[in-house]
Amino acid sequence: MSIPTFEEIIEPNDQTEARAEHLEKLLELTGNVYPNKFVRTKLTGSDDTISAIKSYQPIADVEARMAAVRAGLKEGERPPAEIKDAINAELKALGNVRIAGRLTTPPRGNFVHLTDGMSKLQIYAKKGQFTLIKNDGKDTPDEENAWTAWQMIDHGDFVGVDGYLFVTNTGEVSVHVEKLQFLAKAMLPMPDKMHGIEDPEIKQRQRYVDLIGSSLQVKAEPPASAGGTNAAGKVSGDDESVSISTSLPPADAGGSALTTREVFERRAKIISSMRRFLEDHGYVEVETPMLTPKATGAAAKPFETHHNALDIKLYARIAPELYLKRLVVGGFEKVYELNRNFRNEGISYKHNPEFTMLEFYCAYMDVNGMMDFCEELLRQSVEKATGGLVAEYEGNQIDFGRFERITMSEAVVRVSEPGAIATGSLPASKKNPVATAPGSDLLDRELLERFESDVEQTLIQPTFIIDFPKSISPLSKADPMNPQIAERFELFINGMEVANGFSELNDPKEQYERFVDQMSERERGDEEAMVLDEDYIRALSYGMPPAAGIGIGIDRLTMLLTNKHSIRDVILFPHTRPEKKDGEARSGGEGESESGD
RNA sequence: GGUCCGAUAGCUCAGUCGGUAGAGCAAAUGGCUUUUAACCAUUGGGUCGAAGGUUCGAGUCCUUCUCGGAUCACCA
């Protein structure tokens, strides 16, 4: 395979040629368009990102005052000069700012906006009133060529400016440029400023362009008051104990869809809020192997690989479950891992080959305690991420303030025609005392199938399905009142399984027998039946306290909280087929087809 | 893997009954220079996903293929 040329990679066109010409000219003027650093000021007391400056209180105040002044003006009328002059004097007294960012607008004219990826700040350059800072290592100022250089700016370039703050006739606080420095050139054209990138393939393969498009996109600024995302980053941990009431508007109510950037900001908030919550409750974060000699702890097909030095087969883990419980054996009473799992199965709107799962265990707790804790965890996380407890998802209002708990058999009966199911064929439960409990695998599987085909998609509001058949729950403890029922739940929201938890089986002998059953299922052709893990049996034999555990699908939860229909919209770089040019053969997999499996 | 939908300028999209390839944004040139999706004028930009077929003539109709999306089956 030949190495592609630079030109083959960037695919020149009239637009890249124009940029290349500008680059050449700028190299003459500045010596270099890729300097090593740019020091921003400390106006706001922290690193002066554009977001930090935009939310800096004195500046926000000025914009509010100008908005009030302009509200009293007629269409097209300019604000009185004396008010503007007074405000501008105040702004100038704050001192010069040094900011850096990417041009969000084409450069024609004196005004452009710079973005730090989140917020925008306008800069204003007037011929003869600023100098060009050469990137010669000495930051030599050049007055003569400053305007020429300004005209070489392209949409998407990174520049740094030094200047004073002022307010325009339209009330926008802007930076009057006094020094201009080029920080990086954009050789490729920017995405459409109104639409961003919409082609799902480019969005996913080239997430960087999608994110650029998202930051360039013109979007109504949230009201300057509180309520919007707190870009200042001054999360004070304490004021959050004043609980946000459920009377807040539902997340994103009536608002436009989140930009790509906002989706991933929100994902980060979900994850960090969960970490904080668990740590506040005494949980310890651990990391267990991603490459494992046995793929077990869940029912799924693994990815296989090979370790050369050891000459052994390894599997990308399908779940950290058995490792985490080994740690409970070892004395970690509360332990969690928030990381990736890998399953070599289909891809769909809710399945990606690698997905993020939060898994945690708590000693001395049972399945009911775990459901309570899970509710609390989700509630606080939803509030932190969206500002409310009600998330709008594809037209449904999902209320995280209320979780229902119903048994699997009850759920099946509910959606079935009266009399269609003889209650005797369903496992009994506390809530279903009339049912007898045959508990044979066949009936259990039938129940599960009916549940999956008829019930799952009807579970829109958060619902814990409880009382799973034991035969399909090889790692769960049985209900002490009913040996055919496992103390296990799955949480469903909008028809998707979001969490799965149970009272952990800690009797080594029984666990061994359950594995043996699974192995015989495997021999009968069930590829996903669980694999016996001898070392895990040995670990349990040292004694594991009673414990409950849970796995929460972070990607799916993020879908729900960002109103995204596809899991690929909440994963930065989801799996895609290898990129392929027209006419090329499918990249050489012939020799290693999967026909063997 | 099955079914359905899609691929046209750098981006977002029109393209009627088969008859010269279009718009907005982006780009270039000039003007303007406190604009708010800046504006005005001019210009350049296309292997219409690929290959084949029907036809005097194909972006448009047919076949095959590639890629993508939705959906069903499997799966969290």
Side-chain angles (χ1 to χ4, degrees), chain A residues 10-19 21-22 78-79 84 88 104-113 120 122-127 147 150-151 154-156 166-172 174 176 186-205 209-210 212-213 216-221 298-301 318-319 341-357 359 452-453 456 490-492 496-500 526-528 551-557 559 565-569 576-586:
Chain A
I10 68 164
E11 296 178 343
N13 56 38
D14 60 325
Q15 312 220 15
T16 62
E17 276 163 26
R19 285 164 186 269
E21 282 170 27
H22 294 168
R78 292 185 169 186
K84 244 186 79 177
N88 281 336
T104 67
T105 42
R108 210 170 296 159
N110 301 73
F111 283 96
V112 297
H113 281 90
K120 294 180 199 177
Q122 181 166 258
I123 64 172
Y124 171 72
K126 184 143 174 81
K127 189 175 181 178
W147 186 249
W150 174 260
Q151 290 170 306
D154 287 310
H155 189 189
F166 75 108
V167 66
T168 63
N169 286 326
T170 54
E172 181 169 344
S174 309
H176 191 120
M187 300 297 294
L188 293 170
M190 295 295 109
D192 188 282
K193 67 181 170 188
M194 294 309 291
H195 305 88
I197 295 289
E198 304 223 324
D199 180 342
E201 190 181 355
I202 300 176
K203 273 176 93 79
Q204 290 164 20
R205 283 192 202 281
V209 191
D210 182 27
I212 292 170
L216 303 185
Q217 237 170 322
V218 181
K219 221 194 162 194
E221 293 268 335
K301 285 179 233 163
I318 56 175
N341 292 332
F342 306 86
R343 299 192 184 172
N344 202 346
E345 288 164 351
I347 293 174
S348 79
Y349 76 97
K350 54 181 175 176
H351 296 92
N352 194 57
E354 53 182 300
F355 63 101
T356 300
M357 182 132 93
E359 205 165 309
E452 286 175 350
S453 65
E456 277 190 10
E490 285 187 358
L491 172 63
F492 286 85
M496 273 193 300
E497 184 190 335
V498 171
N500 178 10
D526 182 354
E527 281 181 84
E528 293 176 2
I552 299 176
I554 299 299
D555 311 283
R556 289 181 177 181
L557 183 64
M559 288 164 68
H565 176 69
S566 170
I567 197 168
R568 302 159 77 137
D569 290 332
T576 47
R577 281 173 208 271
E579 209 166 347
K580 180 174 140 293
K581 295 254 162 62
D582 293 330
E584 269 179 27
R586 182 81 69 91

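Labels below follow one simple rule: chain letters A, B, ... track the order of the sequence lines, proteins then strands, and each chain is numbered from 1. FYI, side chains are in, hydrogens and waters are out, and symmetry mates aren't considered; it's all heavy atoms of this structure.
B:G19 and B:C61 are spaced 14 Å apart, taking the C1' atom of each and rounding to whole Å. Comparing B:A28 with B:G45, their C1' atoms sit 10 Å apart, to the nearest whole Å. Using C1' as the reference atom, B:A7 and B:A51 are 16 Å apart when rounded to the nearest Å. Distance check on atom C1': B:G59 versus B:C17 gives 15 Å, rounded to whole Å. Rounded to the nearest Å, the gap between the C1' atom of B:U55 and that of B:A73 is 43 Å. If you take atom C1' in B:U54 and the same atom in B:C67, they sit 26 Å apart, rounded to whole Å. Here, B:A9 and B:A26 have their C1' atoms 10 Å apart, quoted to the whole Å. Here, B:U8 and B:A58 have their C1' atoms 14 Å apart, quoted to the whole Å.
Using modelled atom types, no side-chain atom of A:Thr105 and backbone atom of A:Val112 make a donor-acceptor pair closer than 3.5 Å. Distance alone, capped at 3.5 Å, places no donor-acceptor pair between the A:Asn344 side chain and the A:Pro353 backbone.
Pairing partner, B:A27: B:U43, with both Watson-Crick or wobble hydrogen-bond distances short of 3.5 Å. With both pairing distances under 3.5 Å, B:G1 is matched to B:C72 as a Watson-Crick or G-U wobble pair. With both pairing distances under 3.5 Å, B:G22 is matched to B:C13 as a Watson-Crick or G-U wobble pair.
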Practice item. Could you walk me through whether A:Ile202 and A:Asp210 pass side chain to side chain contact (heavy atoms under 4.5 Å, CB included), step by step? Key: CA-CA 7 Å; A:Ile202 300 176; A:Asp210 182 27; over 6 Å; no
request  = May I have the step-by-step check of side chain to side chain contact (heavy atoms under 4.5 Å, CB included) for A:Glu528 and A:Lys301, ending in yes or no?
outcome  = CA-CA 6 Å; A:Glu528 293 176 2; A:Lys301 285 179 233 163; 3.7 Å; yes
| field | CA sep, side-chain torsions, deciding dist, call: A:Thr104, A:Leu216, side chain to side chain contact (heavy atoms under 4.5 Å, CB included) | value | CA-CA 5 Å; A:Thr104 67; A:Leu216 303 185; 3.8 Å; yes
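Contacts of A:Ala18 with the nucleic acid, taken as non-hydrogen atoms under 4.0 Å apart, involve only primed sugar atoms and P, OP1 or OP2. When heavy atoms are screened at a 4.0 angstrom cut-off, A:Ala298 is found touching no nucleic acid atom at all. Residue-level contact check: A:Glu17 touches neither bases nor backbone, having no heavy atom under 4.0 Å from any strand. Nucleic acid contact class of A:Gly109 (heavy atoms, under 4.0 Å, all strands): base. A:Arg19 comes within 4.0 angstrom of nothing in the nucleic acid, heavy atoms only.
As a whole-Å value, the separation of A:Ile347 CD1 from B:G1 C1' is 14 Å. Between A:Tyr349 atom OH and B:A70 atom P there is a gap of 11 Å when expressed in whole angstrom units. Distance, A:Asn110 CG to B:U34 C1': 8 Å, rounded to whole Å. One interatomic measurement links the two molecules: CZ of A:Arg568 to C1' of B:C67, which rounds to 12 Å at whole-angstrom precision. Rounded to an integer number of Å, the gap from A:Glu11 CD to B:U47 P is 12 Å. Summarising the geometry, the separation between CG on A:Asn352 and P on B:G69 is reported as 11 Å, rounded to the nearest angstrom. With rounding to whole Å, A:Asp569 atom CG is found 16 Å from B:G68 atom P. At whole-Å resolution of the value, NE2 in A:His22 and C1' in B:A28 are 8 Å apart.
For A:Glu201, whose side chain is taken as the heavy atoms from C-beta onward, the closest listed nucleotide among B:A27, B:C67, B:U35 is B:C67. Closest to the A:Ser566 side chain, of the nucleotides B:A28, B:A70, B:A26, is B:A70. Considering only the side chain of A:Asp154, B:A28 comes nearest among B:A28, B:C74, B:G68. Of the candidate nucleotides B:U34, B:G69, B:U71, B:G69 has the atom nearest to the side chain of A:Pro200. Comparing B:U33, B:U71, B:U35 against the side chain of A:Lys126 picks out B:U33 as the nearest.
Considering only side-chain N and O atoms, A:Gln204 lies nowhere under 4.0 angstrom from the phosphate OP1 or OP2 of B:G68. Taking only side-chain nitrogens and oxygens, A:His565 comes nearer than 4.0 Å to OP1 or OP2 of B:U71.
Pairing each heavy atom of A:Tyr349 with each of A:His565, the nearest pair is CD1-O, 3.3 Å.
A:Lys127 and A:Asn110 are not linked by any side-chain donor-acceptor pair at a separation below 3.5 angstrom, with hydrogens and angles left out of the test.
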Scan nucleotides 8-15 of chain B against the protein and return all N/O pairs shorter than 3.5 Å with their distances rounded to 0.1 Å.
{"from": "B:G10", "atom 1": "O4'", "to": "A:Asn13", "atom 2": "ND2", "distance (Å)": "3.3"}
{"from": "B:G10", "atom 1": "N9", "to": "A:Gln15", "atom 2": "NE2", "distance (Å)": "3.2"}
{"from": "B:G10", "atom 1": "N7", "to": "A:Gln15", "atom 2": "NE2", "distance (Å)": "3.3"}
{"from": "B:C11", "atom 1": "O2'", "to": "A:Asp192", "atom 2": "N", "distance (Å)": "3.2"}
{"from": "B:C11", "atom 1": "O2'", "to": "A:Gly196", "atom 2": "O", "distance (Å)": "3.4"}
{"from": "B:C11", "atom 1": "O2", "to": "A:Asp192", "atom 2": "OD2", "distance (Å)": "3.0"}
{"from": "B:U12", "atom 1": "OP1", "to": "A:Glu198", "atom 2": "N", "distance (Å)": "3.1"}
{"from": "B:U12", "atom 1": "OP1", "to": "A:Asp199", "atom 2": "N", "distance (Å)": "3.3"}
{"from": "B:U12", "atom 1": "O3'", "to": "A:Glu198", "atom 2": "OE1", "distance (Å)": "3.4"}
{"from": "B:U12", "atom 1": "O2'", "to": "A:His195", "atom 2": "NE2", "distance (Å)": "3.4"}
{"from": "B:C13", "atom 1": "OP1", "to": "A:Glu198", "atom 2": "OE1", "distance (Å)": "3.1"}

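Of the two residues near RNA chain B, A:His176 and A:Glu452, the one whose nearest nucleotide lies more 5' is A:His176.
Taking CE from A:Met496 and CE from A:Met559, the interatomic distance works out to 4.0 Å, rounded to the nearest 0.5 Å. In this structure, A:Gln15 CD and A:Asp154 CG are separated by 9.5 Å, a value rounded to the nearest 0.5 Å.
One cannot find a donor-acceptor pair under 3.5 Å joining the base of B:U35 and the side-chain atoms of A:Glu172.
Ring orientation note: the planes of A:Phe111 and A:Phe166 are tilted relative to one another, at an angle of 30° to 60°.
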